[in-house]
2 protein chains.
Amino acid sequence: MNLIETLQWRYATKKMSGKPVAADKIERILEATRLAPTSSGLQPYEILVVTNPQVKAEIQKIAYNQQVVTGCSHLLVFAVWDHYTVERINAMFDLTNEIRGFKNEGWESYRQSLLSTYPKRDREENFQHAAKQAYIGFGIAITAAALEGVDSTPMEGFDASALDELLKLKEKGLRSAIMLPLGVRAEEGDWLVNLKKVRKSREDFITEIK
Amino acid sequence: MNLIETLQWRYATKKMSGKPVAADKIERILEATRLAPTSSGLQPYEILVVTNPQVKAEIQKIAYNQQVVTGCSHLLVFAVWDHYTVERINAMFDLTNEIRGFKNEGWESYRQSLLSTYPKRDREENFQHAAKQAYIGFGIAITAAALEGVDSTPMEGFDASALDELLKLKEKGLRSAIMLPLGVRAEEGDWLVNLKKVRKSREDFITEIK
C-alpha cells in the first residue's frame, strides 16, 4: 500500500483484540515519533508506553471506559512540558552543541532570545504551544503505525488531571495531552470499522492562491 | 528509503532553489493531509496553497524575511477555525450522515453533546483545540512530503494577525496557525543542511510502564 491507501485503511479503532504487536514494529513507530520536528528543536514532550495490565485498567476507568485502553497492545501517552523553563531550554541547546561538536554564535544568540521570552510567558500559553508540538509527533506516530499495519486510536477523551496523578506526571513537570493505543483490531464488535470514512471534499479543504 | 530513513533525510530546509515541485506530488501531500484524523471528525481547519509570487513576497515580509517563503514551490498555510459554532458542527455531522447514507441514534446524541458544549466554550480555548487538530495534519503533511522526496520547512515564525489580514482569513472565521513551504533545497547557502540532526535519546524520550 502507498501512503494514501494506508491512510484510507487506518481508522480510529474502537475495539481491539488484546493481541500483541511485535516489538520491532513498536520500536519503529516510537523512533519515527522521536524524529518528528518541533519548534526550535525543543522536543517539549515525552512518551510513556504502558503495557502493564493493571495500569491500563486504571487508565480505562478515567477514559470513559473505552475498550481500546485495555484491548490494545501498547498504550502511548503523550506527556507535555507544563512550562518552558530556563533549565529545559538550556538542556536542549547544550545537547545540540554536544551532538554537533561546536558552539555557534547565531545559535547562542537564538538561545538567549528564547531564554529571555519563553520562561516569562504565561504557563498555560507555554503548555498549549508545547502540546501542539506533541501533536505533530502524534500525526507522525499515527502514520508510522498505519505503515506498519498496526491499528491505533487517537484519544483525547480522558480525564487528563486524573491521568497526570495516576502516572505521577506533575512531579516531572509534565501534563498528559493525548493518547494513542496501538494494537490489533478485533474481528467483530467494532461499530466504526465498516462505516465509510468521512472527510471534507478537496474543494472545501483546499484553496489555491495562484 | 523506509520511513525512518526518510525522516532522517528530511530537515527544516532553510534555503530553497525556486524549482517547482511536480503537481502530482503536491496533490498526494494534500490528499494525505485531508485524510488526517481530527477530534470528533470535525476537520476544523483548511489549507491555503500559495503559488502566486506577489502574495509569497508579501508573506515573506511578515515572516522574518525567511527565504523559503519565496524560494519554495508551494506554500501551505494551515488556517484554523477561530471557534466551534453550531453551523460548523452541524455541517460536519450532516456530511457524515450524507456520506454514510443513514442517521444513527448514537451519532445524533453525540452531535447534541458537542452542540451543547463546544459553542459556549471560550473562543480562544476552542481555537487552541482546533489548532492542535491542524498540527496532526501538519505532521502528516511533513511525512508525506518527505516520502515524496519533497523538502519542507515547518514554520511558526510569522506575524499571524498580519497574515490573517493579508489572506482575508478573519472574514472566513479562520486564523493562520502554521505554514509549510514545499520545494527543492538549494544546492548551496543552507546553513542547516550539513549539521547533524539533534534529538533527545530514546532513554530521555520514552518511559516504559511494564
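Letters A, B, ... mirror the listed sequences (proteins, then strands); counts begin at 1.
- Using a 4.5 Å heavy-atom threshold, the side chains of B:Cys72 and B:Leu182 count as separate.
- When the options A:Arg88, A:Arg175, A:Lys172 are evaluated for a salt bridge (Lys or Arg N to Asp or Glu O under 4.0 Å) with A:Asp82, the one that passes is A:Arg88.
- A:Ser201 touches chain B through its backbone: at least one of N, CA, C or O sits under 4.5 Å from a heavy atom, while the side chain does not.
- Neither side chain, B:Gln66 nor B:Lys14, offers a donor N or O lying under 3.5 Å from an acceptor on the other.
- Residue B:His74 does not touch chain A at all, counting heavy-atom pairs closer than 4.5 Å.
- For chain B, the option among A:Glu46, A:Lys196, A:Arg199 with the highest count of heavy-atom pairs below 4.5 Å is A:Arg199.
- Residue contact with chain A, scored on non-hydrogen atoms closer than 4.5 Å, is absent for B:Leu76.
- Heavy-atom neighbours of chain B within the stretch residues 90-103 of chain A, taken at a separation under 4.5 angstrom, comprise A:Met92, A:Leu95, A:Thr96, A:Ile99, A:Arg100, A:Phe102.
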Task: Candidate pair A:Arg202 and B:Glu31, rule salt bridge (Lys or Arg N to Asp or Glu O under 4.0 Å), full reasoning - done: CA-CA 8 Å; A:Arg202 184 192 188 285; B:Glu31 178 63 4; over 6 Å; no
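- At a 4.5 Å heavy-atom cutoff, the contact between A:Lys197 and chain B is made by backbone and side-chain atoms alike.
- With a 4.5 angstrom heavy-atom cutoff, A:Phe205 touches chain B via backbone and side-chain atoms both.
- Listed by sequence position, B:Ala32, B:Thr33, B:Arg34, B:Leu35, B:Ala36, B:Pro37, B:Ser39, B:Gln43 are the residues of residues 32-44 of chain B in contact with chain A, using a 4.5 angstrom heavy-atom cutoff.
- By number of non-hydrogen pairs under 4.5 angstrom with chain B, the leading residue of A:Asn104, A:Leu3, A:Asn52 is A:Asn52.
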Task: Test log, rule salt bridge (Lys or Arg N to Asp or Glu O under 4.0 Å), inputs B:Glu58 and B:Lys61 - done: CA-CA 5 Å; B:Glu58 289 299 315; B:Lys61 288 182 202 164; 3.1 Å; yes
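- Taking the side chain as every heavy atom from C-beta outward, A:Thr13 and A:Asp190 approach each other to under 4.5 Å.
- Applying the ring pair (Phe, Tyr, Trp, His ring centres under 6.0 Å) rule to A:Trp9 yields no partners; only residues at least two apart in sequence or on another chain are considered.
- In this structure, the side chains of A:Ile47 and B:Thr207 stay at 4.5 Å or more apart for every pair of heavy atoms.
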TODO: Would you check, one step at a time, whether the test side chain to side chain donor-acceptor pair (under 3.5 Å) holds for B:Tyr118 with B:His83?
DONE: CA-CA 9 Å; B:Tyr118 280 23; B:His83 196 30; over 6 Å; no
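- For chain A, no part of B:Glu124 is nearby; none of its heavy atoms comes within less than 4.5 Å.
- Ring geometry for B:Trp191 versus A:Trp107: interplanar angle of 30 to 60°, hence tilted.
- If you tally non-hydrogen atom pairs under 4.5 Å between each of A:Asn2, A:Leu30, A:Thr6 and chain B, the highest count goes to A:Leu30.
- No more than 12 heavy atoms of other residues, nucleotides or ligands lie within 6.0 Å of CD in A:Glu105, so this atom counts as exposed by the packing criterion.
- Contacts of A:Leu167 with chain B are made by side-chain atoms alone, with heavy-atom separations under 4.5 Å and no backbone atom involved.
- Of the listed residues (A:Val77, A:Ile206, A:Ile178, A:Leu7), the greatest number of heavy-atom pairs within a distance under 4.5 Å of chain B belongs to A:Ile206.
- Side-chain atoms of A:Val80 and A:Leu174, non-hydrogen and from C-beta on, never get closer than 4.5 Å to each other.
- Checking side-chain atoms of A:Ser73 against main-chain N and O of A:Gly183 turns up no donor-acceptor pair under 3.5 Å.
- Residues B:Leu48 and A:Glu208 form no side-chain contact, since every pair of their non-hydrogen atoms from C-beta on lies 4.5 Å or further apart.
- Only the side chain of A:Val55 comes within contact range of chain B, with at least one heavy atom under 4.5 Å from a heavy atom of that chain.
- Inter-residue side-chain proximity for B:Thr70 and B:Pro53 is flagged as unmet; no heavy-atom pair is nearer than 4.5 Å.
- Residues of residues 139-165 of chain B lying under 4.5 angstrom from chain A, judged on non-hydrogen atoms, are B:Gly139, B:Ile140, B:Ile142, B:Thr143, B:Ala144, B:Leu147, B:Pro154, B:Glu156 in numerical order.
- For a residue to count as touching a neighbouring chain, one of its non-hydrogen atoms must lie under 4.5 Å from one of that chain's; by this rule B:Leu192 touches chain A with the side chain only.
- The main-chain N or O of A:Ala134 is never found under 3.5 Å from a side-chain atom of B:Lys132 such that the two would form a donor-acceptor pair.
- The main-chain N or O of B:Tyr45 is found under 3.5 Å from a side-chain atom of A:Lys200 such that the two form a donor-acceptor pair.
- Between B:Tyr84 and B:Trp81, the ring planes lie perpendicular to each other; the angle is over 60°, past the 30° to 60° tilted range.
- Around the CD atom of B:Glu171, the shell of radius 6.0 Å holds more than 12 heavy atoms that belong to other residues, nucleotides or ligands.
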